[in-house]
Amino acid sequence: MRIISWNANGKFREKFSFILNGAADIYVIQECENPEISNSDEYIEFASNYYWVGENQYYGLGIFAKNNVKLELMDLDAKGLRYFIPVNVNDDFNLLYVWTNPDMDGTKTSYYPKEITKYYEEHKDSGFFNEDMIICGDFNCDVRLKGSHAKNVMK
């Protein structure tokens, strides 16, 4: 199974055809439009098997799969954390799709590195996090963290 993750930086309905050459079974896309509001027939057809979350209909988190791929949304409460899509794929493995983009109490304070660890702490006993799991997406952090990002890395 091939999975492609990409931060589309908006207007995914105009860009998705470029990633189709990757012949993925699953595409996990940050900063993409909600297919429900699209007027692009091609994008709607591409998004025939998907889950999408977001507060802004033009910049959300989407997981799109070929029609022969079974995506089952797992019932895991995000506990106020944003942009997590937990699915089971083909009754075979779990996939957590992440876009760490927090808004803590409306302050817009950056706690990016903590988002995934908070999600894990909330659900570590659920059985979702197991050896047959993939986590992918945009974590908005890297080894060059500085300032507010660096002090929020959980050790």
Exercise for the section: Take L61 and Y97, measure what side-chain contact (heavy atoms from CB on, under 4.5 Å) needs, and give me the verdict at the end. Expected result: CA-CA 8 Å; L61 176 67; Y97 185 38; 2.6 Å; yes
Exercise for the section: Quick one: do I63 and L95 satisfy side-chain contact (heavy atoms from CB on, under 4.5 Å)? Show the steps, please. Expected result: CA-CA 10 Å; I63 180 170; L95 173 63; 3.3 Å; yes
Practice task
Check the pair Y27 / K66 against side-chain contact (heavy atoms from CB on, under 4.5 Å), numbers first and verdict last.
Solution key: CA-CA 9 Å; Y27 300 90; K66 289 184 176 178; 5.7 Å; no
Exercise for the section: Walk me through it: do M1 and V69 pass the test side-chain contact (heavy atoms from CB on, under 4.5 Å)? Expected result: CA-CA 10 Å; M1 176 162 292; V69 175; 4.3 Å; yes
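Contact of the I135 side chain with the M133 side chain is registered, since non-hydrogen atoms from C-beta on lie closer than 4.5 Å. In this structure, D132 and N94 have side chains that are not in contact, with every pair of non-hydrogen atoms separated by 4.5 Å or more. Using a 4.5 Å heavy-atom threshold, the side chains of I85 and Y50 count as separate. Residues L20 and F46 are in side-chain contact: their nearest non-hydrogen atoms beyond the backbone lie under 4.5 Å apart.
Put simply, CG on N49 and CZ on F64 are 10.5 Å apart, with the number rounded to the nearest 0.5 Å. Annotation: the span from E122 atom CD to T117 atom OG1 amounts to 11.0 Å, rounded to 0.5 Å. Taking CZ of F129 as the start and NZ of K124 as the end, the distance is 11.0 Å to the nearest 0.5 Å. In this structure, CZ on F12 lies 13.5 Å from OH on Y59, to the nearest 0.5 angstrom. In this structure, CD1 in I26 is found 7.0 Å from CG in N90, a value given to the nearest 0.5 Å.
The heavy-atom pair separating A8 from I29 by the smallest distance is CB-CG2, 3.8 Å. Residue Y43 comes nearest to S38 through the heavy atom pair CD2-OG, 3.5 Å, listed as atom of the first residue, atom of the second, then distance. Residues W52 and C32 come closest through the heavy atom pair NE1-O, 3.1 Å. Minimum interatomic distance between C136 and I3 (heavy atoms only, all atoms of both residues): SG-CG2, 4.4 Å. Shortest non-hydrogen contact noted between F139 and I116 is CE2-CG1, 4.2 Å. Taking every heavy atom of both residues into account, Y83 and G60 meet most closely at CE2-CA, 4.5 Å.
D25 contributes a side-chain N or O that, together with a main-chain N or O of R2, makes up a donor-acceptor pair within less than 3.5 Å. Y120 places no side-chain N or O within donor-acceptor distance of the main-chain N or O of E115, the cut-off being under 3.5 Å. Side-chain N or O atoms of D92 include none that pairs as donor or acceptor with a backbone N or O of V89 at under 3.5 Å. Looking at N88, its side chain does come within 3.5 Å of a backbone N or O of D91 through a donor-acceptor pair.
At most 12 heavy atoms of other shown residues, nucleotides or ligands fall within 6.0 angstrom of atom CG in D75.
Applying the salt bridge (Lys or Arg N to Asp or Glu O under 4.0 Å) test to D77 and every residue at least two apart in sequence or in another chain returns nothing. Residues satisfying the ring-ring contact (aromatic ring centres under 6.0 Å, His included) criterion with Y58, sequence neighbours excluded, are absent altogether.
S5 and Q30 are linked by a side-chain donor-acceptor pair at a separation below 3.5 angstrom, with hydrogens and angles left out of the test.
Screening N7, V28, V98 against D138 for a side chain to side chain contact (heavy atoms under 4.5 Å, CB included) leaves a single residue, N7.
Sorted by first and then second residue, the pairs that involve residues 9-19 and meet side chain to side chain donor-acceptor pair (under 3.5 Å), not counting sequence neighbours, are R13-E33.
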